[in-house]
Number of protein chains: 2
Amino acid sequence: MKSIEKAVSALQLLVDSGGELRVGDTSRHLKVTRSSASRLLASLAGGGLLEQDPATQRYRAGILAVQLAASFHRNFDLVEQAQKEMEELARKTEHTVWLGVLSGAEVVVLKTARGSQPIQFTVEPGHRLPAHAAAMGKALLAVKSDAEIKNLFATPAEPATKRTVASVDDLMREIAMSRLRGYSVSNQELFEGVKSISVAFEDQHKGMNIAISVSYPLFAFESASDQPVVDALLLFAHDFGTRIGDKRWIK
Amino acid sequence: MKSIEKAVSALQLLVDSGGELRVGDTSRHLKVTRSSASRLLASLAGGGLLEQDPATQRYRAGILAVQLAASFHRNFDLVEQAQKEMEELARKTEHTVWLGVLSGAEVVVLKTARGSQPIQFTVEPGHRLPAHAAAMGKALLAVKSDAEIKNLFATPAEPATKRTVASVDDLMREIAMSRLRGYSVSNQELFEGVKSISVAFEDQHKGMNIAISVSYPLFAFESASDQPVVDALLLFAHDFGTRIGDKRWIK
DNA sequence: AGATAGTGTTGCGTATTATGCAACATGTTG
DNA sequence: CAACATGTTGCATAATACGCAACACTATCT
């Protein structure tokens with residue numbers, strides 16, 4: 001179904017380009033003529049999935065997209081259920097807590113809960129981060145088989161900082177370590193000065209995985225250890241995992 | 001672009017059927033064979049716009065839908081700006097305040113702010129309501145021309161309660177009255193015992209309209225008047241309308 | 001167990017349709 | 001005002017989406 005794959009690819013491009021799409025860019029990205037891109041976007045807009053700004057002629061997401069996302073959250077109750085406990089965890093650790101899922105080789109943010117620290121790492125729902133550099137990404141990858149991971153990173157991703165894992169082998173070692181520990185770590189691999197730890201959960205009923213991550217600026221612990229944050233996250237994982245019936249967390 | 005229109009139609013069906021889609025239902029709705037429907041949905045899922053439940057084989061909204069919706073809200077800054085003031089209005093009136101847009105002959109809920117009353121009207125983002133029966137619908141329709149409205153309701157919609165406007169002429173009269181008042185009213189036209197009032201705002205730059213509505217159970221005012229709520233809404237409209245540069249509210 | 005019916009997913013030939021090419025319309029820039 | 005960039009249509013052709021089967025699988029009967 002080629003034309004639909006192109007349409008979805010255009011939607012992906014819309015997300016990548018920050019929410020606005022021009023016919024010309026779309027045509028270049030899809031390698032079709034402007035006429036085809038124009039008709040493609042017009043069709044998507046006709047059904048309300050996109051809408052065209054009358055002033056700039058650019059295309060944006062439409063109301064149908066909002067409704068689709070609403071039905072996603074309605075079904076995906078893990079996300080809703082996690083909400084309250086995330087806020088509790090953010091209060092306890094004083095740092096930013098966020099929830100996401102894996103989409104290809106990237107992590108997509110679905111929910112956030114802000115801590116009380118004056119300076120904190122911020123992410124917003126809808127943001128995407130490279131999985132190999134984020135603690136959450138490693139936690140979610142650790143659920144998958146080695147073969148699947150190697151397949152995902154067949155084309156090497158570019159490092160975000162100096163500390164980002166450079167090779168697939170390094171990534172595999174990191175993930176193996178995450179499996180042993182039960183949680184994964186990203187020490188300034190995505191942003192300088194920011195450390196994150198994360199745990200993943202499995203919804204065997206729906207066959208989906210989510211992860212929770214706590215992120216904090218390193219200088220918050222220059223003198224002390226961050227062990228209290230790790231402990232709080234592990235307690236959270238035990239409670240939440242038990243409640244949703246995730247075997248790996250029931251002890 | 002027939003096949004894309006079909007795809008969008010399938011997505012619309014997904015929203016209408018509460019978030020889950022089966023191949024068979026899709027094929028009936030689109031009047032194609034199951035094979036075509038199967039390939040269609042598989043293509044949408046391939047790009048992440050949908051995803052297939054491995055247990056039931058049914059299709060649900062995917063992560064890309066969430067990202068699209070996030071970009072929608074990011075662009076549509078009116079929605080973001082209204083958020084805080086809606087909460088203030090909900091606190092002041094003690095009733096449910098919600099924000100929505102017009103989509104065809106329906107109203108789509110985008111944001112809600114709950115009041116403090118123990119019993120209150122509840123709507124959730126993503127929900128859709130018939131425009132002709134909701135105060136918000138009338139407020140949004142009042143911005144349009146009579147010709148557009150008549151065109152939208154060429155095929156008469158079915159009434160939700162005994163008090164719902166029965167004919168297009170009645171609706172036009174109601175809308176004319178809304179234009180005079182500056183706000184619109186739905187007195188048990190959508191739900192028995194629930195009254196709503198609403199005001200619309202125009203974003204001339206983006207060419208989109210939003211509306212804010214306050215909804216409350218009638219018995220909350222069985223002895224007294226609901227004038228305080230109307231006044232609070234009008235004050236809100238003046239403040240917010242002035243701030244976003246809506247000519248109709250600058251006095 | 002076996003039979004029956006319902007479901008979702010492939011292979012294949014044909015008919016539908018999506019595409020590129022052009023021309024046109026409409027801003028935008030120098 | 002020319003020159004350019006961008007988005008939208010008409011038309012002939014090449015691409016592909018479609019229906020028809022057949023198959024795999026599950027659930028529900030007798």
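Residue numbering restarts at 1 for every chain, and letters A, B, ... go by the order of the sequence lines.
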Sugar-phosphate only, base, or nothing, as touched by A/Ser3 at under 4.0 Å among non-hydrogen atoms: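 Since only primed, P, OP1 and OP2 atoms lie under 4.0 Å of A/Ser3, the category is sugar-phosphate.
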
Touch class at under 4.0 angstrom, heavy-atom based, for B/Arg22 against every strand present: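 Answer is sugar-phosphate: B/Arg22 comes under 4.0 Å of backbone atoms only.
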
Whole angstroms only, please: what is the [atom1]-[atom2] distance between [X] and [N]?
{"X": "A/Arg39", "N": "D/dC11", "atom1": "CZ", "atom2": "P", "result": "13 Å"}
{"X": "A/Arg58", "N": "D/dT6", "atom1": "CZ", "atom2": "P", "result": "10 Å"}
{"X": "B/Ile4", "N": "C/dA18", "atom1": "CD1", "atom2": "P", "result": "7 Å"}
{"X": "A/Asp25", "N": "D/dG7", "atom1": "CG", "atom2": "C1'", "result": "12 Å"}
{"X": "A/Lys31", "N": "C/dT19", "atom1": "NZ", "atom2": "P", "result": "15 Å"}
{"X": "B/Met1", "N": "D/dC18", "atom1": "CE", "atom2": "C1'", "result": "16 Å"}
{"X": "A/Leu40", "N": "C/dT19", "atom1": "CG", "atom2": "P", "result": "7 Å"}
{"X": "B/Gln57", "N": "C/dT10", "atom1": "CD", "atom2": "C1'", "result": "14 Å"}

Would you call [X] and [Y] a salt bridge, taking side-chain N to carboxylate O under 4.0 Å as the test?
{"X": "A/Lys150", "Y": "A/Asp169", "value": "no"}
{"X": "A/Asp53", "Y": "A/Arg22", "value": "no"}
{"X": "B/Arg58", "Y": "B/Glu20", "value": "yes"}

Minimum-distance nucleotide (side-chain atoms of [X] versus [options]):
{"X": "A/Arg34", "options": "C/dC12, C/dG8, D/dG7", "result": "D/dG7"}
{"X": "A/Ser38", "options": "C/dT19, C/dT9, D/dT8", "result": "D/dT8"}
{"X": "A/Lys2", "options": "D/dT9, D/dT16, D/dG19", "result": "D/dT16"}

Pairwise 5' ranking along DNA chain D for B/Val32 and A/Ala42, keeping only the more 5' one: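 Of the two residues, A/Ala42 wins.
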
Residues A/Ser145 and A/Glu148: side-chain donor-acceptor under 3.5 angstrom: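 Side-chain D/A pair, A/Ser145 to A/Glu148: present.
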
Report yes if at least one side-chain N or O of [X] is closer than 4.0 Å to OP1 or OP2 of [N]; otherwise report no.
{"X": "A/Lys6", "N": "C/dT19", "result": "yes"}
{"X": "B/Gln52", "N": "C/dT9", "result": "yes"}
{"X": "A/Tyr59", "N": "D/dT8", "result": "yes"}
{"X": "B/Ser36", "N": "D/dG19", "result": "yes"}

Under 3.5 Å donor-acceptor pair, B/Ser35 side-chain atoms to D/dC20 base atoms: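 Flag set: donor-acceptor pair detected.
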
Which residues share a side chain to side chain contact (heavy atoms under 4.5 Å, CB included) with B/Ala7, sequence neighbours left out: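 Checked B/Ala7 against side chain to side chain contact (heavy atoms under 4.5 Å, CB included); matches are A/Ile4, B/Leu40, B/Leu44.
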
